[in-house]
Amino acid sequence: MEDIYQPQQIEKEAQQAWSDGQVFKAVENSTREKFYCLSMFPYPSGRLHMGHVRNYTIGDVISRFQRMKGKNVLQPMGWDAFGLPAENAAMQNNVAPAAWTYANADYMRNQLKALGLAIDWDRELATCRPDYYRWEQWLFTRLFKKGLIYKKTAPVNWDPVDNTVLANEQVIDGRGWRSGALVEKRDIPMYFMRITAYAEELLSELDNLPGWPEQVKTMQRNWIGKSYGCEVHFPIEPSPLAPLPMAGEGSQKPLSPRERGWGEGDALKVYTTRPDTLMGATYVAVAAEHPLALAAALDNPEVAAFIEECKQGGTSEADMATMEKKGMPIGRFVIHPLNGEKLPVWVANYVLWGYGEGAVMAVPAHDERDFAFANKYRLPIKPVIVPESWRGKEISAMTFSESVAYESPDEAPTLGVEGESLVWLEWDERFAEHGICVKSGDYDGKDFQEAFDAISADLQEKGLGQKRTQFRLRDWGISRQRYWGCPVPIIYCPTCGDVPVPEDQLPVVLPEDVTIDIGSPLKKMPHWYQTTCPECGAAAERETDTFDTFVESSWYYARYACPDSSTSMLDNRAQYWLPVDQYIGGIEHAILHLLYARFFHKLMRDEGLTPGNEPFINLLTQGMVVAPTFLRESSDGKKHYFNPADVDVSTDDRGRPVGATLKADGQPVIIGGTEKMSKSKNNGVDPQSLIDLYGADTARLFMMFAAPPDQSLEWSDTGVEGAFRFLKRLWGRASTHINGAFAHYPNRKDLHVQDWANFPLEDSHREVRRIIHVSLKQANFDFAKHQFNTVVSGAMKILNALNDDKSFWDGAVMLKDQPERLASFQLSAAAVAFEGYSILARLLYPIAPHICHALWQNLVPGIDILEAGWPVEDESALAQDSIELVVQVNGKLRSKITVPASAGKDAIEATALQDETVGKFIEGKNPKKIILVPGKLVNIVV
RNA sequence: GCCUCGGUGGUGAAAUUGGUAGACACAAGGGACUUAAAAUCCCUCGCCCUAACCAGCGUGCCGGUUCGACUCCGGCCCGAGGCACCA
């Protein structure tokens with residue numbers, strides 16, 4: 001074999017062999033245990049980035065590992081092909097989104113192949129192909145008929161200049177990214193999937209996913225947000241004004257008193273998780289879109305102006321939560337359901353329409369947000385809960401406007417005087433916690449649960465509320481006013497209404513040959529949207545909205561089982577392959593994508609299409625790839641970023657970076673933070689240049705070695721060189737032996753020791769073998785944990801062990817006059833080395849498959865490494881005659897002792913106490929206690 | 001703002017889950033080989049004191065539990081991911 005490591009040649013040959021032999025084609029075989037390993041499919045953005053390389057290397061490592069362990073492995077790949085960037089690119093470069101997408105996929109497919117991934121390419125799919133999306137249109141129509149899909153209006157970001165809907169990403173500081181116009185909220189009709197119908201199951205099934213990271217399950221639990229609370233009805237004081245007969249302009253129907261929100265006997269509904277604080281409610285707040293607010297706006301221009309103002313800004317929750325809390329009274333009042341007090345109704349921008357009831361009761365004393373709002377607008381603050389520890393203490397009353405604050409002698413909230421008022425100056429977290437009721441009439445002295453039960457029972461008796469569980473999870477709006485997506489299969493008929501497209505007319509094909517400017521081209525294509533009603537045959541129009549692209553990515557994992565099925569969404573091959581045994585993807589998908597995919601699995605299960613309740617048994621969430629940033633700031637404050645490849649970094653004598661200059665002009669640049677590789681920060685490193693320079697194995701090895709998969713990975717050019725050096729060393733050492741010592745045993749069976757117990761192993765080789773097997777045992781443990789960085793360091797230790805010990809081969813020199821002993825010594829050395837390299841090749845195969853494939857061919861000609869079996873440590877090789885123990889005195893490390901491995905408790909303690917250094921620290925005192933941790937340490941407490 | 005995760009040498013990290021902190025690497029420094037450079041090989045490498053050893057200090061900060069804490073508990077600071085129309 002070659003002495004020099006030539007990755008380009010090795011990788012080409014290995015990939016050719018895999019491709020010619022169809023080695024990674026997955027075939028259903030009910031007699032074999034299957035393993036479905038899936039990495040999140042890429043958006044075809046143009047080129048592979050480092051995040052992809054990391055994701056797909058992790059998946060490939062797991063796939064090849066399982067394959068070597070004998071599983072029937074499926075590892076597919078495809079394209080998440082619909083999405084916004086294609087439309088942006090289309091506008092920029094004047095190409096059709098379809099053509100752009102297909103070209104990108106073609107380029108990226110070649111890049112993936114160059115990485116040497118063990119993928120069954122026969123199963124490749126692209127979500128923008130009609131043969132794929134026709135089945136989600138089919139499922140949509142089924143769910144529509146089941147009532148799991150419905151239509152309602154919901155707010156979107158509206159750009160009033162471009163007259164178009166913007167994605168949240170396209171809203172920057174409240175303005176449209178192209179027009180710069182202030183964005184408004186606008187209500188438009190959309191289709192919703194009733195994911196809330198599955199909320200309970202999506203929550204409870206998380207407990208049956210032990211293979212998911214706890215972090216992800218916690219995030220999903222919080223997102224679903226099941227809460228136990230109480231619905232409270234506040235009867236509305238009748239309006240002093242007569243109801244107006246008409247709603248706003250253009251409306252044909254007069255609003256009913258209920259729609260106006262002020263009829264006799266109407267009540268304002270709120271939901272609260274803190275009914276125990278109900279006696280402390282001092283006002284109620286409604287969303288700007290609430291009927292009560294809209295009704296008030298008709299008579300009150302100030303309220304109308306405020307509601308207008310609330311329409312400004314984006315729709316994202318982060319926007320809503322960080323904006324300044326504003327509100328105003330609408331001049332209406334409600335009656336407190338228990339004490340009959342009149343409470344003012346406010347309209348507030350922090351109350352969200354469409355979340356719960358669009359109205360909240362405000363208890364400023366016990367809710368931080370209400371507290372800030374009440375202080376700002378001088379609303380009464382009425383404490384009714386004190387900490388449990390105050391029970392039984394003297395509580396003195398202090399007045400504050402119309403309400404009362406309580407002060408315990410030793411644990412008082414901060415009170416102060418401002419002008420003539422007594423003000424609760426600072427929010428005190430203790431008052432947000434559960435406590436005991438005070439100044440609450442009959443409920444005084446009750447704890448949280450007692451008050452919760454008593455108050456909800458009283459409300460129920462009065463018909464003004466009851467206990468209720470609620471979810472934070474909202475139904476999933478799937479309509480998008482965009483072109484490059486799957487058409488929503490609905491036809492609007494003037495007489496029959498919204499009619500789902502019949503199964504035999506599917507798919508509704510998206511026209512691909514279009515030009516894009518602002519807005520969806522579908523709306524300008526009458527020949528496409530004009531059609532006939534499937535029910536009555538009259539002229540009708542197609543829906544021009546498309547699906548959220550999360551819909552495609554919610555079921556692709558299942559379609560890989562049978563990507564060519566033309567008669568059904570899924571066929572019985574899905575029963576064999578599903579569920580996915582290992583799913584790998586970025587942590588950024590922890591909530592939305594993974595929740596939607598779980599939801600779809602249940603929808604498909606209920607259609608009889610998928611087995612089991614959950615799609616992904618094991619989940620690995622990989623961290624991001626980050627790199628340093630380099631920039632210059634121009635005089636107007638604009639930042640210009642430079643690619644790390646174009647920058648020279650100077651370091652001080654410790655290796656700390658102290659400055660950087662641009663290669664092009666030699667002038668200094670600012671060293672920025674280490675951030676996620678991105679186009680905007682220009683800190684991406686192109687994987688292609690890496691593969692071209694060092695080969696795929698180096699790229700893969702570096703990615704696996706630099707950090708454990710779930711942590712972020714810092715890019716390092718020198719780290720890559722280090723990975724390359726290791727592979728070069730591995731190749732060099734292995735070839736020396738294969739061409740040298742091993743060549744003396746043409747039949748490799750002579751080197752392959754079956755029975756080490758009866759093999760004449762030289763003592764100088766026994767220790768090397770022990771280190772190899774200790775490292776292998778650790779590596780196997782780490783492999784099971786998916787901690788590939790320490791698997792690599794284990795492999796490095798094995799190579800170092802095979803290479804370190806001078807006496808390993810040199811001992812032969814002393815024996816050159818004793819031919820029999822010499823032959824025995826040489827066989828002993830060669831057998832240990834042969835075993836060592838055969839372990840190394842198999843251990844590293846999942847991570848660096850090309851080089852290991854080639855090494856194995858030379859080590860064991862005639863047997864494919866995939867058939868060689870996974871290496872397992874030999875327990876008998878791990879044994880040691882004596883072990884080293886640490887001796888602590890009072891928990892501090894003071895000495896080390898060596899004892900026979902068989903030494904008992906008393907013998908170890910005696911040895912430890914006799915130790916000279918230990919004696920110095922005991923200073924003749926009697927040990928109070930001696931703690932012995934077997935195989936680890938002795939701690940002497942004096 | 002809310003939810004979640006993280007913070008260990010000059011750097012990436014390890015520590016089998018309460019038992020020797022820094023494995024394995026990278027960088028840096030020194031040396032060998034070389035006419036020279038590259039490549040390769042060998043040595044040193046947490047901080048502090050020291051000629052050296054010993055001792056002392058040390059896992060973001062403050063406090064607690066324990067014979068013993070990177071690991072467990074409470075509080076704080078900083079960073080990252082998500083927040084429902086980026087994927």
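Every heavy atom of this structure was used, including side-chain atoms; hydrogens, water molecules and symmetry mates were not. Predicted model only: the values in this text are computed from it and were never measured. Each chain gets a letter, A, B and so on, in the order the sequences are listed, and its residues count up from 1.
A/Arg186 comes within 4.0 angstrom of no nucleic acid atom, judged by non-hydrogen atoms across all strands. Across all strands, A/Ser712 comes closer than 4.0 Å only to sugar-phosphate atoms, never to a base (heavy-atom distances). Among the heavy atoms of the strands lying under 4.0 Å from A/Leu473 is at least one base atom, whether or not backbone atoms are also near. At a threshold of 4.0 angstrom between heavy atoms, the contacts of A/Arg369 with the nucleic acid are absent. At a threshold of 4.0 angstrom between heavy atoms, the contacts of A/Pro708 are confined to the sugar-phosphate backbone, with no base atom among them. The residue A/Gln170 sits apart from the nucleic acid: no heavy atom pair falls under 4.0 Å. If you check every strand for non-hydrogen atoms under 4.0 Å, A/Ser553 touches nothing. The residue A/His589 sits close to a base: some heavy atom pair falls under 4.0 Å. Heavy atoms of A/Val626 sit nowhere under 4.0 angstrom from any nucleic acid atom. Heavy atoms of A/Glu714 sit under 4.0 angstrom from primed sugar atoms or phosphate atoms, though from no base atom. Base engagement by A/Thr322 is indicated by at least one non-hydrogen atom pair under 4.0 Å involving a base atom.
Checking B/G9 for Watson-Crick or G-U wobble geometry (two distances, each under 3.5 Å) identifies no partner in any strand. Taking a pair to require two hydrogen-bonding distances under 3.5 Å in either a Watson-Crick or a G-U wobble arrangement, B/G22 remains unpaired. Pairing for B/C72 goes to B/G64, judged as Watson-Crick or G-U wobble with the two contacts each under 3.5 Å. Remark: B/C53 base-pairs with no nucleotide in the shown strands. Criterion, Watson-Crick or G-U wobble with two distances under 3.5 Å. For B/A36, there is no paired nucleotide, since no Watson-Crick or G-U wobble pair has both relevant distances below 3.5 Å.
Of the candidates A/Arg598, A/Met40, A/Glu588, A/Met40 is the only one forming a side chain to side chain contact (heavy atoms under 4.5 Å, CB included) with A/His593.
Rounded to whole Å, the distance from CD on A/Gln622 to P on B/A80 is 19 Å.
Ring geometry for A/Tyr5 versus A/Phe724: interplanar angle of 30 to 60°, hence tilted. Ring planes of A/Tyr43 and A/Trp100: tilted class, angle from 30 to 60°.
At a cut-off of 3.5 angstrom, the base of B/U20 holds at least one donor-acceptor pair with the side chain of A/Lys896.
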With the criterion being N/O to N/O and under 3.5 Å, what pairs connect the protein with nucleotides 67-76 of chain B, and how long is each?
{"from": "B/C67", "atom 1": "O2", "to": "A/Asn939", "atom 2": "ND2", "distance (Å)": "2.2"}

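Where A/Gln481 and A/Ala723 each meet RNA chain B at their nearest nucleotide, the meeting point lying more 5' is that of A/Ala723. Nearer to the 5' terminus of RNA chain B, by closest-nucleotide assignment, is the contact made by A/Phe781 (compared with the other of A/Thr549 and A/Phe781).
No donor-acceptor distance shorter than 3.5 angstrom exists from the side chain of A/Arg480 to the backbone of A/Ala167, with no hydrogens or angles considered.
Regarding contacts with the backbone of B/A14, a side-chain N or O of A/Gln711 is found under 4.0 angstrom from either OP1 or OP2.
B/U17: glycosidic angle within 90° of 0, hence syn.
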